[in-house]
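Naming convention: chains lettered A, B, ... in sequence-line order (proteins, then strands); numbering from 1 in each chain.
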There are 2 protein chains.
Amino acid sequence: MSTADAQIVTKHLRADAVRNRAKVLEAARAAFAEHGSEAQMEDVARRAGVGVGTVYRHFPTKRALAEALVEARFDEVLAFARTLVDEPGPDPWEPIVLCFEHCAATTERDRGWATALAVMAGSAVAGPREHQQDELLALMDQLLARARAAGVVRDDLAAADLPALFCGLASVVQAGSKSWRRYLDLLLDGLRPRP
Amino acid sequence: MSTADAQIVTKHLRADAVRNRAKVLEAARAAFAEHGSEAQMEDVARRAGVGVGTVYRHFPTKRALAEALVEARFDEVLAFARTLVDEPGPDPWEPIVLCFEHCAATTERDRGWATALAVMAGSAVAGPREHQQDELLALMDQLLARARAAGVVRDDLAAADLPALFCGLASVVQAGSKSWRRYLDLLLDGLRPRP
DNA sequence: ACCTGAACACCGTTCAAGT
DNA sequence: ACCTGAACACCGTTCAAGT
């Protein structure tokens with residue numbers, strides 16, 4: 001959906017505009033990774049080698065630019081989740097663990113990712129990236145169903161519970177806690193079936 | 001400690017300065033509760049009925065003002081934890097639950113509180129409110145010791161694990177999740193002893 | 001169509017002038 | 001000693017002029 005949109009837009013873009021858009025996104029990635037939401041639009045423009053006006057032509061506000069980056073990350077996360085669903089291993093518990101670890105790793109690389117997860121956890125009626133969110137939940141639901149069937153997770157754990165768990169994990173990682181491993185181990189252990 | 005500091009300073013303040021300082025803090029409380037960290041210094045000054053310069057005389061930066069508010073909240077939380085330690089009930093698990101619920105409730109009323117918890121979870125070497133942090137950890141340690149002795153919590157759960165748990169909870173609450181209750185129930189259940 | 005960058009608006013912070 | 005608020009600095013955003 002978002003990919004389709006991007007292509008439709010792309011068709012109407014001049015060649016140099018396409019290049020500039022990509023350069024801006026790449027520059028923004030670097031700037032936001034380094035400075036978080038404090039990153040400056042002027043700095044993004046400088047790194048991309050364009051004028052500020054060009055940045056604003058492609059992304060109406062700083063927030064929109066940040067969200068475009070998150071959308072790209074979302075696609076990565078979706079691809080990862082799809083792999084887990086499509087290539088099931090012998091242990092149905094493992095993909096659950098991998099999802100949480102992937103969430104933590106993504107948060108470490110991209111400070112904007114925690115915000116995306118917070119939006120999902122808030123579960124406002126609709127919102128940006130709604131389709132991405134739905135797809136991720138559907139994928140997680142499949143992973144959970146398998147794990148439940150195998151009796152390796154609490155049988156009352158639903159996919160709808162996960163965004164909040166990811167959100168919590170992301171904030172712990174982002175707090176810079178050296179020991180998010182310990183936090184994650186506690187969390188995962190708590191998701192195991194009750195006796 | 002912080003209370004002592006405040007009194008030492010108070011002695012050197014002129015009567016009108018004391019009043020103004022209190023008015024600024026009260027105005028800041030309202031402004032930050034309403035707008036979060038987006039609150040404007042000019043607005044704080046207006047609500048307090050003073051000039052911006054007066055706000056800056058008492059608090060060198062916006063960040064310092066926000067931290068003063070958090071320090072006050074911290075004192076409230078410490079008082080609550082002290083009560084739990086000093087007036088033990090029949091059920092040693094209950095105070096643990098109350099601590100988490102109090103954390104969630106405080107986060108709902110004060111958006112700045114989540115930041116304080118994130119700092120604790122990050123456990124940087126030192127930092128502001130270090131004594132408050134230490135005291136809170138010591139109190140939690142006592143509550144945990146009792147619960148462990150009664151066999152109502154995982155015996156590997158340490159007080160040092162709690163800041164991360166609080167941090168995660170606070171971010172879920174702050175995300176505006178209607179169902180942080182569900183999140184908290186999952187979390188607490190995960191802290192129960194293993195079979 | 002798209003790009004540029006000077007100009008504008010907004011808000012955190014400072015400081016000269018007041019009491 | 002402390003207060004005031006105009007002035008400054010910084011950064012997000014706009015828009016007239018260019019190609």
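For DNA chain D, if you chain together Watson-Crick or G-U pairs that step i with j, i+1 with j-1 and so on, the runs of at least three with distances under 3.5 Å are C:4-8 with D:12-16, C:12-16 with D:4-8.
Annotation: side chain to side chain donor-acceptor pair (under 3.5 Å) contacts of B:R182 (sequence neighbours excluded): A:D161. Taking the ring pair (Phe, Tyr, Trp, His ring centres under 6.0 Å) definition, one finds that B:F74 meets it with B:W113, sequence neighbours left out.
In this structure, B:R192 forms a cation-pi arrangement with B:W93, its terminal cationic atom sitting closer than 6.0 Å to the ring centre and no more than 45° off the ring axis.
Test A:P163, A:S171, A:C103 against A:L117 for side chain to side chain contact (heavy atoms under 4.5 Å, CB included) and you get one pass: A:C103.
For residues 77-87 of chain A, the pairs satisfying salt bridge (charged side-chain N to carboxylate O under 4.0 Å, His left out) are A:R82-A:E135, with sequence neighbours left out.
Formation of a donor-acceptor pair under 3.5 Å by the B:R21 side chain with backbone atoms of B:V55 is not found in this model.
The nucleotide range of DNA chain C contacted by chain A, defined by atoms under 4.0 angstrom from heavy atoms of the protein and reported 5' to 3', is C:dA1 to C:dA6.
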Side chain to side chain contact (heavy atoms under 4.5 Å, CB included) evaluation trace for B:F59 with B:L25: CA-CA 10 Å; B:F59 306 96; B:L25 270 176; 3.9 Å; yes
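Of the residues in residues 48-60 of chain A, those placing a heavy atom less than 4.0 Å from an atom of DNA chain C are A:V50, A:G51, A:V52, A:G53, A:T54, A:R57, A:H58, in numerical order.
Between B:E101 and B:R181, at least one side-chain nitrogen of the basic residue sits less than 4.0 Å from a carboxylate oxygen of the acidic one, meeting the salt-bridge criterion. Ion pairing of A:E76 with A:R109 is present here, as a side-chain N (NZ or NE/NH1/NH2) and a carboxylate O approach within less than 4.0 Å. The pair A:R194-A:D156 does not count as a salt bridge, with every side-chain nitrogen at least 4.0 angstrom from each carboxylate oxygen.
Residue contacts for A:A15: at a heavy-atom cut-off of 4.0 Å it reaches no nucleic acid atom on any strand shown.
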